[in-house]
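Everything on this sheet refers to the single structure shown next.
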Amino acid sequence: MFPTVNNALAQPAAPGFLETITNGFNSFVDVLSSIVFYAPKIGGVEVPLIVLWLLAGGIFFTVYLSFQQLRVSSLRHSRRLVKGEYTRHTDPGEVTSFQALATELSGTVGLGNIAGVAVAIGIGGPGATLWIILAGIIGMALKMAEATLGVKYRVVDEDGSTSGGPMYYLRDGLAELGHATLGRILAAIFAIATVFGVTGAGNMFQSNQAAAQLIYITGGDQGYLGGKEWAIGIVLALLAGFVILGGIQKIGAVTSKIVPFMALLYLVMCLFVIIPNVHHIPWAVEQMFESAITGRGIAGGALGVMIVGLRRAAFSNAAGIGTAAMAHSAVKTRRPATEGFVAMWEPFVDSVLICTLTALTIILSGVWQTNPEVEGVQMTAAALATSVSWFDVPLTIAVALFAFSTVLSYSYYGMKAVGYLFGGSRRAEQTYNVIYILLIVVGAMAPLEQVINFSDSMFFMMALPNVLGLYFLAGIIKKEIIGHRVKVDAGVISIVPEEEQASAANTSASDSDPSHVDVAHAETVAAFEAAAEARYDALQAIEDDSVSDEDTEAARLAAREAASVAVETAQAARAITEAADDETGMVPEEHPVDPLQAGHATEPSVGNDDEEAETEESVQQQA
């Protein structure tokens with residue numbers, strides 16, 4: 001495959017040197033993998049501790065956040081947030097909530113849903129599906145927690161670009177709690193693990209599997225694409241490079257189109273199997289429950305089935321890994337909790353909807369019993385073929401799209417991790433992007449067993465510092481999530497006018513750069529809304545006898561400061577409006593008035609001068 005290189009390596013001293021390096025790397029990977037995926041035997045079943053680590057985090061935050069992901073009111077509110085009804089296109093950030101949702105889903109929805117579910121059923125029977133579903137529901141709370149912190153501790157640069165994720169809330173959040181050194185250490189571990197984890201698992205593995213499936217569908221090694229892995233890799237790299245080099249806005253725009261299309265394509269294929277067998281669905285559900293409880297046919301019985309299902313769910317939805325925090329840190333919003341309520345849908349779509357779709361297709365087709373020797377994606381393909389013989393073609397398209405979208409989203413995560421490690425250097429980020437794109441070709445061509453073992457270990461190592469940090473910051477997460485819900489219910493936070501919303505439908509407003517007057521208006525709105533929220537917090541603290549005098553006084557002070565910021569922002573906005581050109585809304589460069597930047601106000605219509613004065617006076621008196 002690399003004749004020139006191999007000839008050069010054929011010189012006497014080289015093979016020994018390379019063999020030493022290879023053996024050393026393999027030994028290191030084996031040790032690392034044994035640590036990350038350490039699995040002591042419980043009841044005769046190997047139980048990976050990393051799976052229990054993620055499961056425990058999901059259970060904790062499910063209870064601690066009062067089962068938010070199961071509340072009808074929360075689900076209704078999150079749907080509005082996905083539509084962008086509570087955020088403005090002038091808010092600080094780069095993408096809409098829906099684009100961030102699509103970006104994260106593009107990274108998690110993929111081979112794990114097509115092949116992973118088939119593997120789980122092949123090993124543990126239909127009962128594994130039930131545990132995948134339960135793990136997905138529990139994982140919703142973890143995604144809610146990490147996405148909320150991703151926005152709260154993100155960094156917004158002067159040009160409007162954002163940097164966020166576990167690196168930042170581990171460093172800055174733990175520093176606020178007096179654990180600065182621990183925070184820096186955990187952030188560094190997370191960032192390093194992210195760089196290697198997403199580059200292998202989200203890039204090289206994806207291009208490798210996409211190339212393998214394309215070659216298989218075109219006749220294997222003897223077919224048209226046989227031996228042309230390099231060509232497939234180059235095409236994937238060129239397509240991905242065009243998107244990746246455009247930044248998160250381009251990635252979000254592309255994934256928000258790919259994800260719905262590939263999900264719809266896969267749904268239609270599965271329905272061709274499910275609908276003719278719809279009368280057997282009660283039987284399939286019965287099989288899931290019976291197999292989950294009895295665990296027949298698998299070592300360890302019910303515990304074995306549970307571990308198989310939980311492991312596949314952990315590999316599939318990435319709840320607790322920290323990627324959601326990076327995707328949602330780029331969203332146009334001023335309230336961290338909005339993205340918590342949006343991100344919680346990701347494990348639901350991934351592990352509840354799509355995994356269940358795959359499971360029903362396999363169970364109802366009967367291939368898990370009639371063709372037990374078929375594994376992974378080929379089992380899913382065999383299940384689809386029971387309905388339409390040529391469905392292996394659209395399945396290949398779906399696999400390629402899943403892989404391609406994963407490559408796109410994971411590039412952003414790796415880039416942000418590199419940016420953190422190199423102090424926000426744009427050059428370092430762009431250098432990583434170029435290397436990442438080149439590795440797509442390498443991934444399509446090269447044997448990757450040890451590379452994938454290494455990247456998988458690093459990918460799941462991300463969960464160790466991330467979930468630990470979430471425990472430390474649990475109080476802040478709860479305050480943001482519960483506080484947001486209370487204020488929405490009380491009417492303190494209201495829906496944004498449709499023409500100002502940061503939504504997928506309002507693309508004309510989102511894509512255009514707002515004028516100085518637009519920004520000034522939005523910042524004034526944000527400041528007065530923040531003042532109203534701070535006033536509400538102060539009043540709640542005053543009325544609640546369980547709140548300490550110290551915290552009550554802090555809330556009163558915050559309300560006064562928010563009111564002052566609101567008035568000052570309104571005054572600055574008035575000056576900008578008076579100085580701006582009437583047609584463009586822009587302030588001439590030679591004018592002494594400085595335009596406001598998006599994100600100037602701490603939170604998000606502004607009335608006349610009398611209304612502003614009344615607001616200031618009201619806040620001062622009540623707080």
Side-chain angles (χ1 to χ4, degrees), residues 92-95 99-108 143 146-173 183-184 186-203 240-241 243-255 318 320-333 336 339 343 346 405-437 439 455 458-459 461-463 465-466 469:
E94 301 179 78
V95 297
Q99 288 174 329
L101 177 68
T103 297
E104 176 63 4
L105 280 175
S106 69
T108 58
K143 289 266 188 169
E146 57 192 12
T148 298
L149 290 180
V151 176
K152 183 170 180 62
Y153 290 99
R154 68 180 178 180
V155 175
V156 182
D157 295 331
E158 289 187 0
D159 62 358
S161 61
T162 58
S163 297
M167 307 86 70
Y168 294 90
Y169 60 69
L170 289 171
R171 182 192 67 186
D172 301 335
R184 287 195 297 271
L186 292 179
I189 292 173
F190 178 87
I192 293 171
T194 300
V195 173
F196 290 103
V198 303
T199 302
N203 177 354
V243 180
I244 290 169
L245 296 179
I248 185 59
Q249 292 178 322
K250 189 73 172 180
I251 293 173
V254 172
T255 55
I321 300 298
T323 54
M326 290 185 273
H328 289 273
S329 67
V331 168
K332 293 176 178 289
T333 185
E339 293 318 293
E346 291 152 8
S405 63
T406 299
V407 168
L408 297 182
S409 60
Y410 276 42
S411 71
Y412 178 72
Y413 305 148
M415 182 190 73
K416 284 305 174 183
V418 167
Y420 175 83
L421 291 171
F422 288 88
S425 169
R426 294 296 175 83
R427 178 174 294 181
E429 291 183 349
Q430 291 303 316
T431 300
Y432 170 80
N433 279 339
V434 173
I435 295 174
Y436 185 92
I437 292 167
L439 287 177
S455 62
M458 297 298 280
F459 186 73
M461 186 184 288
M462 294 161 61
N466 182 50

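Side chains are part of it too, since the values below use all heavy atoms of this structure and drop only hydrogens, waters and symmetry mates.
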Residues Glu146, Tyr169; criterion side-chain contact (heavy atoms from CB on, under 4.5 Å); working and verdict: CA-CA 9 Å; Glu146 57 192 12; Tyr169 60 69; 3.5 Å; yes
Quick one: salt bridge (charged side-chain N to carboxylate O under 4.0 Å, His left out) partners of Lys143, sequence neighbours excluded? Glu104, Glu346
Among residues at least two apart in sequence or on other chains, which ones pass salt bridge (charged side-chain N to carboxylate O under 4.0 Å, His left out) with Glu94? none
So, for [X] and [Y], which heavy atoms are closest and what is the spacing to 0.1 Å?
X	Y	value
Val407	Ala240	CG1-CB, 4.2 Å
Ile189	Pro465	CG2-CG, 4.2 Å
Ala188	Leu421	O-CD2, 4.4 Å

Parallel, tilted or perpendicular, judged at 30° and 60°: which one describes the rings of Tyr168 and Tyr420? perpendicular
Working to the nearest 0.5 angstrom, can you tell me the gap between [X] [atom1] and [Y] [atom2]?
X	Y	atom1	atom2	value
Ile248	Thr255	CD1	OG1	7.0 Å
Tyr412	Met326	OH	CE	9.0 Å
Ile321	Thr108	CD1	OG1	11.5 Å
Arg426	Met415	CZ	CE	8.0 Å
Thr148	His328	OG1	NE2	9.5 Å
Met462	Thr323	CE	OG1	6.0 Å

Identify all side-chain donor-acceptor contacts of residues 193-201 below 3.5 Å with residues at least two apart in sequence or on another chain.
{"from": "Thr194", "atom 1": "OG1", "to": "Phe190", "atom 2": "O", "distance (Å)": "2.7"}
{"from": "Thr199", "atom 1": "OG1", "to": "Val195", "atom 2": "O", "distance (Å)": "2.5"}
{"from": "Thr199", "atom 1": "OG1", "to": "Tyr432", "atom 2": "OH", "distance (Å)": "2.8"}

For residues Ser409 and Thr103, is any side-chain donor paired with an opposing acceptor at under 3.5 Å? no
Check whether any side-chain heavy atom of [X] sits under 4.5 Å from a side-chain heavy atom of [Y], and report yes or no.
X	Y	value
Asn203	Tyr436	yes
Leu408	Ser106	no
Leu245	Ile437	yes

Donor-acceptor pair, Arg154 side chain versus Val331 backbone, under 3.5 Å? yes
Out of Ser163, Ser411, Ser329, which one pairs with Lys416 under the side chain to side chain donor-acceptor pair (under 3.5 Å) rule? Ser163
